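Throughout, a chain's letter reflects where its sequence line sits, starting with A, and its residues are numbered from 1. This structure is a prediction, so every number in the text was calculated from the model and none was measured. These numbers come from the heavy atoms of this one structure, side chains and all, not from hydrogens, waters or symmetry mates.
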There are 4 protein chains.
Amino acid sequence: MARPPGGGAARPARAPPASGAPARPGHARQGSRGATVATPHTRRGDTRRRIQDAALSLFVQQGYEKTSLREIAEQLDVTKAALYYHFRTKEDILVSVFQDLARPLDDLIAWGREQPPTLETRRELLRRYSAALDEASPVFRFVQENQAAVRDLSVGETFKKRMFALFELIREEDAPLSGQVRAISALFTIHAGTFALRDIEGDPEEKRAAILEVALDLITAADGGGTAGRPG
Amino acid sequence: MARPPGGGAARPARAPPASGAPARPGHARQGSRGATVATPHTRRGDTRRRIQDAALSLFVQQGYEKTSLREIAEQLDVTKAALYYHFRTKEDILVSVFQDLARPLDDLIAWGREQPPTLETRRELLRRYSAALDEASPVFRFVQENQAAVRDLSVGETFKKRMFALFELIREEDAPLSGQVRAISALFTIHAGTFALRDIEGDPEEKRAAILEVALDLITAADGGGTAGRPG
Amino acid sequence: MARPPGGGAARPARAPPASGAPARPGHARQGSRGATVATPHTRRGDTRRRIQDAALSLFVQQGYEKTSLREIAEQLDVTKAALYYHFRTKEDILVSVFQDLARPLDDLIAWGREQPPTLETRRELLRRYSAALDEASPVFRFVQENQAAVRDLSVGETFKKRMFALFELIREEDAPLSGQVRAISALFTIHAGTFALRDIEGDPEEKRAAILEVALDLITAADGGGTAGRPG
Amino acid sequence: MARPPGGGAARPARAPPASGAPARPGHARQGSRGATVATPHTRRGDTRRRIQDAALSLFVQQGYEKTSLREIAEQLDVTKAALYYHFRTKEDILVSVFQDLARPLDDLIAWGREQPPTLETRRELLRRYSAALDEASPVFRFVQENQAAVRDLSVGETFKKRMFALFELIREEDAPLSGQVRAISALFTIHAGTFALRDIEGDPEEKRAAILEVALDLITAADGGGTAGRPG
DNA sequence: TATGAATGAGGCTTCATTCAT
DNA sequence: CATGAATGAAGCCTCATTCAT
């Protein structure tokens, strides 16, 4: 019977995306692939990827619930049935996008666990998180704006776990409550700030720097103890 | 029919149901009514309110898109058509809930505009915002978790405007970028912190205090300038 | 129990519209009553009439099926329930309008039956029919445009019978087929011509005259026999 | 999905179902297919056509508004959703039926425009119109009986335009008013006569002939001027 | 003489999904 | 590698109607 791939693990033989190699940098428009080294075949076997791209793009634009498979298919000029050749369900598309795009976060957490739990580690975590956000931005934004929809999707649980893990790495276990809050706040500052500042004036790079600065201050103050935002 | 109550604002003069008085304090659980003064609660004529309560409750639990009018009706043991007697559309239910529940935020903004733009005013704004959040929490949580769904609902625009107005009051117009970020961050700390800390240990009142403390520090530091978290 | 009148025959005591007196001439806009002698009470007990007027007006504008009781009620600034105080069903409203407005046609048929079946009688029937159409135009137009909708309403059967009766009076029983067709054609010319020529140029009175002239010619030719349009 | 067949005109190149060829002659009863050349009628792939047939049949029987998609679907033993696979809306079904069936009228108009505007042309137009009516009868009858319903459907405008075009061809531009009326009357005689005489005695072919004769007389008289119905 | 509240049926439409080809 | 055809469930909404007050 038709539909060999589709499954989570059982990918078709062709081009197993394997570890983490091609990384998909831009992810900007549908069908985007490598940047410098142009992949020659314009549309050959990359349908799966194109679906992911289109789906994410629409999910981000309109929300998960409000995006129908019809729309995704239409945007790609493919039939709905084609989507089902590549993915088992609508949720599966989302999951697959996450598997690819949330890796930076996984890597970050893995890295964090290997470091000593010093202030500098925590600061570096924030720096790296900020950078990661810049890259994988769509997924994060998607999660932020679709919390309710995503809550009882497998992806929701996954994501929550990761954020919590990150939080665990960033806070100082036995700091006072205000310290914990500062840690969370640092995280949120990066997270939400990134999106909130979009609508506001200024050079993107400068803005990112400012956000990071504030977050670092927060974490530093957290370390110092309750004297709020003042390490010294 | 000629004048169903469902109309936006222009309610008919007669039959003034809850023309502003009882303010609905808790609104936490479905069907919750007055706290101190026992409202008789005749279960007749309060259907409109019951719909609002049930709807909000479900919207918060499952998200706006995933909550169907059928569910709302079933929960109230009423037909769907009954909902349509009281409200013109699904969105209208949401809007009406907002009209009632977002007032604290409006009041806060109004108050803020009458004050001199001093640091102390900004601090007081944060304090009051924190208190308001505690009360109207469901609506705010709803907005936070349903951003995508709410984006192209009239309610979305409204809410965004209000948040922006609040931001305008809280930031110092010509502070450096990092100051602006700190202002936003203070707001988010209260906002998101309130929800994020729910899943975490500790006494609610203490947590609120800690969150507020951090936010106040942020705004204070913002005032001091770029020296991040350190006013002096 | 409420709802004393409503029924077809059992009208409330107040102002039994009785025979055919007030005739309702203009029927132009909602609430129109006598022309010269202004009825003083602007809105007292005439609700029944106002409903009929509004209903007919909407039925004509939008069609019977597409006009809802809500719309009628809204236009009168009354509740739907009020309509049900005056009429038992939606169809009843239509029926009542017909009862009042189709009388000219009944009278015409009655008159025709008392006359000798001469050509001149037939010609006079057409003349009077043309005049009747001008007055009761809305109902006729309504029937013409809502044939499908009206077909299985009691009103449909009634109307069909009347038109057939008129046809019987106008045709010459044992004329050749083409004569019969000419008779029908004469009727249709008046009927449809009245509506079709609306969108076209010219003075209304002149147009009516022209239509009548053609119809009279047709009936005259019909009388002459098969020699098509030539009496002599 | 990407390209459902339901699209208005721009059908995809492949899968050209009925791209103009078989013209669907009778279309009288539901499911009727070709007459002389036995179409295999595999009951597979002809669903679109079957929908059109069933729909027209029901539209004619009960009227457009009173025919629900449920009924259509039930009659075909298909789900409502199946209808939506083939057509985008209820109106679309109607439109598609028209596109196929109103062509004879279009052709007639096109032909008329190429002829010199002589009396004989006008007479031939009537003859051909009478023949066309006989064939595409259901659609015309449908329009006649559902004027109100069809008025604000795209199909209504279209049809009106066509009838007006035909009228323009048939009348003599600068004839006196009565001449114009005669032209319209000729059209209506064919149009309405065709339906009105159904309920009446006699051989169909004879009836058609009689109707045509009267119409031709009318147009001839129109040409002669005001002497109504008399060619000589 | 009406209204307020509600109902049950049904309308059109869309969705995620399936499966033979 | 994909399409064409279809389904069952459900969505939002509107309608004519009822009945206690």
> Where each residue is assigned the nucleotide of DNA chain F containing its nearest heavy atom, which of B:E91 and C:T67 is assigned the position nearer the 5′ end?
Replying inline: B:E91

> Can you pull the salt bridge (charged side-chain N to carboxylate O under 4.0 Å, His left out) pairs that have at least one residue in residues 55-65 of chain A, sequence neighbours excluded?
Replying inline: none

>> Walk me through whether C:Q52 and C:R48 qualify under side-chain contact (heavy atoms from CB on, under 4.5 Å).
In response: CA-CA 6 Å; C:Q52 292 174 317; C:R48 195 186 148 89; 4.1 Å; yes

> How do B:A81 and B:L69 order along DNA chain F: which one's closest nucleotide is nearer the 5' end?
Replying inline: B:L69

> Taking the side chain of D:Y84 as heavy atoms from C-beta outward, which of E:dA6, E:dT14, F:dT7 is closest to it?
Replying inline: E:dT14

> What's the NZ-C1' distance between D:K66 and F:dC15, to the nearest Å?
Replying inline: 15 Å

> Do the side chain of A:K80 and the base of E:dT17 come within less than 3.5 angstrom through a donor-acceptor pair of N or O atoms?
Replying inline: yes

>> If you go through the side-chain atoms of A:K90, does one of them form a donor-acceptor pair with the base of E:dT17 closer than 3.5 Å?
In response: no

>> Nearest whole Å is fine: how far is F:dA2 C1' from A:I72 CD1?
In response: 17 Å

>> E:dT1, OP1 or OP2 - any side-chain N/O from C:T47 closer than 4.0 Å?
In response: no

> Taking CD1 from B:I51 and P from E:dA6, how many angstroms apart are they, rounded to a whole number?
Replying inline: 7 Å

>> Measure OH/B:Y64 against C1'/F:dG11 and give the value in whole Å, please.
In response: 12 Å

> Taking for each residue the nucleotide of DNA chain E with the nearest heavy atom, is it A:E65 or D:T89 whose nucleotide lies nearer the 5' end?
Replying inline: D:T89

> Rounded to the Å, how far apart are D:L83 CG and F:dA5 C1'?
Replying inline: 13 Å

>> Test of understanding: with side chain to side chain donor-acceptor pair (under 3.5 Å), list the residues that count as partners of A:E157, not counting sequence neighbours.
In response: none

>> Expressed as a whole number of angstroms, how long is the span from D:Y85:OH to F:dA9:P?
In response: 22 Å

> If you find the nucleotide of DNA chain E closest to B:V78 and the one closest to D:S68, which residue's nucleotide is nearer the 5' end?
Replying inline: B:V78

>> Of the options F:dA6, E:dA16, F:dC15, whose atoms approach the side-chain atoms of C:R70 most closely?
In response: F:dC15

>> Can you list everything that forms a side chain to side chain donor-acceptor pair (under 3.5 Å) with B:K90? Sequence neighbours excluded, please.
In response: none

>> Tell me which pairs pass salt bridge (charged side-chain N to carboxylate O under 4.0 Å, His left out) where either residue lies in residues 75-84 of chain D, with sequence neighbours left out.
In response: none

> Can you name the ring pair (Phe, Tyr, Trp, His ring centres under 6.0 Å) partners of A:F142, sequence neighbours left out?
Replying inline: A:F59

> Rounding to a whole Å, what distance do you find between D:H86:NE2 and E:dT14:P?
Replying inline: 16 Å

> For DNA chain F, which consecutive runs of 3 or more Watson-Crick or G-U pairs (each distance under 3.5 Å) count as stems?
Replying inline: E:2-21 with F:2-21

>> Measure CZ/B:R50 against P/E:dA5 and give the value in whole Å, please.
In response: 13 Å

>> Looking at every heavy atom in both D:E91 and D:V155, which two are closest together, and how far apart are they?
In response: OE2-N, 4.5 Å

